[in-house]
There are 2 protein chains.
Amino acid sequence: MTLTRAPISKRGKAKAAADAGAASREKLLDAAMLVIRSKGYSAARVEDICAEAGLTKGAFFHHFASKEACAVAAAAHFAANADALFDAAPYTRHTDPRDRVLGYIDFRKAILQGELPQFTCLLGTMVQEAYDSHPTIRAACDRYISEHAKRLEADIAEAKTLYAPESEWTPQSAALFSQAVLQGGFVLAKAKHGAKVAADCLDHLKRYFEAILGAPAPRDEGKRIQ
Amino acid sequence: MTLTRAPISKRGKAKAAADAGAASREKLLDAAMLVIRSKGYSAARVEDICAEAGLTKGAFFHHFASKEACAVAAAAHFAANADALFDAAPYTRHTDPRDRVLGYIDFRKAILQGELPQFTCLLGTMVQEAYDSHPTIRAACDRYISEHAKRLEADIAEAKTLYAPESEWTPQSAALFSQAVLQGGFVLAKAKHGAKVAADCLDHLKRYFEAILGAPAPRDEGKRIQ
DNA sequence: GACAACATACCGACTGGTTGGTATGTAACC
DNA sequence: GGTTACATACCAACCAGTCGGTATGTTGTC
């Protein structure tokens, strides 16, 4: 029922049909991501998604039980894409956890490229309109946002231990705060039809982390706040 | 055509019919605010709004040319409500502009009460899904968000002149950053189905402003960053 | 102060296009 | 020959917007 992948054949190469199926499924998920990020979940028609994927409704309902199920799968797909992107990002190789935290923010700023539907967050977009009417979508968005925050939280926690062990804030709330700044930046970017506001917000966020983790140049230790 | 008010009779009291009309219009706008904040713009049916207002479609299309026009009017109504609320808020009476900025954040935190549709932002909710498909809605949301930010920007600018004249950030971007934190806080609150995350985000925001404007207690002047 | 002429506010049945979902067919592959 | 992976045709429900009608003012006129 909730199985989203065709079982892999016991031995030898994956089947051509299964490959084609998986490829079509991915096309549909990519299309769903784009369409939903462009017009929201409710306004996104399944035919829009099919057209974008170059497939038909037959294919859509072959792979997904419903529009809602597709949205949940798209959320997972979005999160998997993001995981791959951030795993491969260069900032993760910094040895200093504070550098990783600040590098994360720089990286988030660097990927604000292209049109709005290409860099805004599918999860934040969907949860805004679906949080009450579509519990499964809300749960999926919550899960993947929180999982992404957890990655960041780990670095923040390490940095805090090193540079601000006494301060009151928790790494968890700081990580979620970062996600809020990002989500809010996307909202403003949509309102103003451009990524600049979001980038400015990330500048403030970076300054905040520099403040609560101590300034990057280790000169005046007494400078830290809280 | 676009006249939304009956012409006021030359002299004497306003007419009963006009009063009733205005009252119904307001009921519809209040209902639209609630319904759209609950399920988003696309999923909000005009019959939902009518039912919530205790009126029928006849009344709806008597007062608004279209669903989209109603949404734009609801945005204006939302902004007017907000203006009244913040005009009356006690924090505005602080003489120190820094106190007003910090007081604004406290106030925003204090009004995170009740169910999600009661304290989340209509403008942010609508612009997420309508920014590309409904330009008039996007423009309205942009306008009212920016106008609200302008109010805050004035206090931030004053505080900056007093407490951080040298620092690099602009009052405008700091004001927009605050709005991003709020909007993002609402997104996370919806994902997590509770206001607590939003409140935590506002704690971080307040700490940020305390940092960039200098700590409230005027003891160590060298403590300010940037 | 009564009556005609008109305006405003609202109801609710109707319509026509839209849309999520289904049923059926078919081609390829194993 | 059975299963997978689609396409095509179709349906029933939904929903924004229309329209004829009614009730309740309001204004000018005599």
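We name chains A, B, ... by the order of the sequence lines, and we start the count at 1 in each one.
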Item to check | Aromatic plane relationship, B:Y91 with B:F107 - under 30° parallel, 30 to 60° tilted, over 60° perpendicular | outcome: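 Correct class here is tilted.
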Checklist entry - Would you call the rings of B:F177 and A:F177 parallel, tilted or perpendicular, where under 30° means parallel and over 60° means perpendicular? => result perpendicular
Checklist entry - Could you walk me through whether A:H148 and A:F78 pass the ring pair (Phe, Tyr, Trp, His ring centres under 6.0 Å) check? => result CA-CA 11 Å; A:H148 182 76; A:F78 179 81; 9.1 Å; no
Checklist entry - D:dT4 P sits how many Å from A:R25 CZ, rounded? => result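 So the CZ-P distance, A:R25 to D:dT4, works out to 15 Å.
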Checklist entry - Whole-Å distance between D:dT8 P and A:H62 NE2? => result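 It works out to 16 Å between those atoms.
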Next on the checklist: Go through it in stages, so that I can follow the logic: the residues are A:F186 and A:T125, the test is side chain to side chain contact (heavy atoms under 4.5 Å, CB included), and I'd like the CA-CA distance, side-chain angles, deciding distance and then a yes or no.
Outcome noted: CA-CA 9 Å; A:F186 294 148; A:T125 302; over 6 Å; no
Item to check | Within-4.5 Å side-chain heavy-atom neighbours: B:Y208 and B:I105 | outcome: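 They are not in contact (no side-chain heavy atoms under 4.5 Å apart), so the answer is no.
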Checklist entry - Can you give one letter per nucleotide of nucleotides 11-25 of chain C, going 5' to 3': B for a protein heavy atom under 4.0 Å from the base, S for sugar-phosphate only, - for none? => result BB------SBBB---
Item to check | Reported NE2-to-OG distance for the pair A:H63 and A:S24, which is rounded to 0.5 angstrom | outcome: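 Here the rounded value is 5.0 Å.
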Item to check | Intra- and interstrand pairs of DNA chain D - dot-bracket, Watson-Crick/G-U under 3.5 Å, | marks other strand | outcome: ||||||||||||||||||||||||||||||
Next on the checklist: It should be established whether B:H63 places a side-chain nitrogen or oxygen under 4.0 Å from OP1 or OP2 of nucleotide C:dC10.
Outcome noted: yes
Next on the checklist: Can you see whether B:Y41 has B:K67 sitting over its ring - NZ or CZ less than 6.0 Å from the centre and within 45° of the normal?
Outcome noted: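 Judged by the rule, B:K67 and B:Y41 form a cation-pi pair.
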Next on the checklist: Between B:T136 and B:E68, do the side chains contain a donor N or O and an acceptor N or O under 3.5 Å apart?
Outcome noted: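 B:T136 and B:E68 do have a side-chain donor-acceptor pair below 3.5 Å.
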